[in-house]
Amino acid sequence: LGLCVITYLCLACHRWCGLTCGSSRSLRSLGRAKARPLTYRYVPYPKMKKPLQLYLGLLFLLSSPAFADFSGIWAVKFENHSTVTNITDEFNISIMQQGKNICGFHYGTARGKAKIDQGWAYEDRPTIYGITESDEVATLTLISAHNENPIRATITIINDALTWKVSNANIIAEPTIPEFATLHRIPQNSFSMRKLKNCVENGT
């Protein structure tokens, strides 16, 4: 509906700019005998280029693909997942998105929080970095405190939920990083992004 309205307005502007008053002289200069009502005449095509270019530009912007917003804190809790205590384990990722670039931090626990993984711990270097592959899919690299090699994962936004799937699950040494999970957005706090301003650093 919005596109139809813009199209109608642009075409109306196009038509209006293509019409102009017939005579540029005043009625007084024509004399009483020659005075006649002002008429409209058609302006040649070259004067209509600018509105047409504006219309095509708007149409291009509206037709460009819009990437999903991955920014925010995505979290999941694992009820009865522990093997030592009855404490619930969790996994969350804090993401900053700048265009197609993604970076941020992770926090994962296992065995009733007996194992905690947050990469560089309290440093400000991102432990997650990646890039959007399509409008709803992004690929990430995660630096784990319990794994020598980076963990590769794909995230997908579906119906306001984020699915997390690790592609090289064979290297995961501790279950602090799940192989597959469905996460949901939660409110941010002051420590979530650890004063991260941009995605220049890649966590290595």
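Throughout, residue positions are numbered sequentially from 1 according to the sequence presented. Values below: every heavy atom of this structure, side chains too, minus hydrogens, waters and symmetry copies.
Checking side-chain atoms of D89 against main-chain N and O of R111 turns up a donor-acceptor pair under 3.5 Å.
Separation of atoms OG1 (T109) and NZ (K77) is listed at 8.5 Å; rounding is to 0.5 Å. Of the inter-residue distances, the one linking F70 atom CZ with K100 atom NZ reads 11.5 Å to the nearest 0.5 angstrom. Of the inter-residue distances, the one linking I116 atom CD1 with Y107 atom OH reads 4.0 Å to the nearest 0.5 angstrom. How far CG of N92 is from CD1 of I186: 5.5 Å, rounded to the nearest 0.5 Å. The line from OG1 of T132 to CD1 of I102 is 6.0 Å long, rounded to the nearest 0.5 Å. Residue I151 holds its CD1 atom at 7.0 Å from OG1 of T176, rounded to the nearest 0.5 Å.
Applying the ring pair (Phe, Tyr, Trp, His ring centres under 6.0 Å) test to pairs two or more places apart or on separate chains, none has a residue in residues 132-151. Counting only residues at least two apart or on different chains, no side-chain hydrogen bond (donor to acceptor under 3.5 Å, both in side chains) pair has a member in residues 164-173.
The hydrophobic side chain of F180 is isolated, with no ILVMFWY side chain under 4.5 Å apart from it. Grouping Ile, Leu, Val, Met, Phe, Trp and Tyr by side-chain contacts under 4.5 Å, direct or through others, leaves V137 on its own.
Smallest separation of non-hydrogen atoms from P150 and I171: O-CD1, 3.2 Å. Taking all atoms of both residues into account, the shortest heavy-atom contact from G119 to A145 is O-CB, 3.8 Å. Smallest separation of non-hydrogen atoms from I73 and S94: CG1-OG, 3.7 Å.
Residues that satisfy the side-chain hydrogen bond (donor to acceptor under 3.5 Å, both in side chains) test with T156, not counting sequence neighbours, are absent from this structure. Scanning for side-chain hydrogen bond (donor to acceptor under 3.5 Å, both in side chains) contacts around N147 gives S144, with sequence neighbours left out. Not counting sequence neighbours, the partners of R152 by the side-chain hydrogen bond (donor to acceptor under 3.5 Å, both in side chains) test are T141. Residues that satisfy the side-chain hydrogen bond (donor to acceptor under 3.5 Å, both in side chains) test with S71, not counting sequence neighbours, are D69. Evaluation of the side chain to side chain contact (heavy atoms under 4.5 Å, CB included) rule for A181 yields V76, F78, P178, L183 as partners, not counting sequence neighbours. Residues passing the salt bridge (charged side-chain N to carboxylate O under 4.0 Å, His left out) test with E90, sequence neighbours excluded: K113.
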For side chain to side chain contact (heavy atoms under 4.5 Å, CB included), just list the numbers for T154 and E133, CA-CA rounded to whole Å, side-chain angles, deciding distance to a tenth of an Å, and then say yes or no. CA-CA 10 Å; T154 299; E133 300 291 347; over 6 Å; no
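The side-chain contact (heavy atoms from CB on, under 4.5 Å) test with P126 singles out one residue from N198, I143, L196, and that residue is L196. Only one option out of L162, T139, T163 pairs with I155 in a side-chain contact (heavy atoms from CB on, under 4.5 Å); it is L162.
Other residues, nucleotides and ligands contribute over 12 non-hydrogen atoms within 6.0 Å of the CD atom of E174.
Both I93 and I172 are members of a single hydrophobic cluster when ILVMFWY side chains are connected at heavy-atom separations under 4.5 Å. Two different hydrophobic clusters hold I131 and V166 under the rule that ILVMFWY side chains link at heavy-atom gaps under 4.5 Å.
Residues Q118 and T127 are not in side-chain contact: their nearest non-hydrogen atoms beyond the backbone lie 4.5 Å or more apart.
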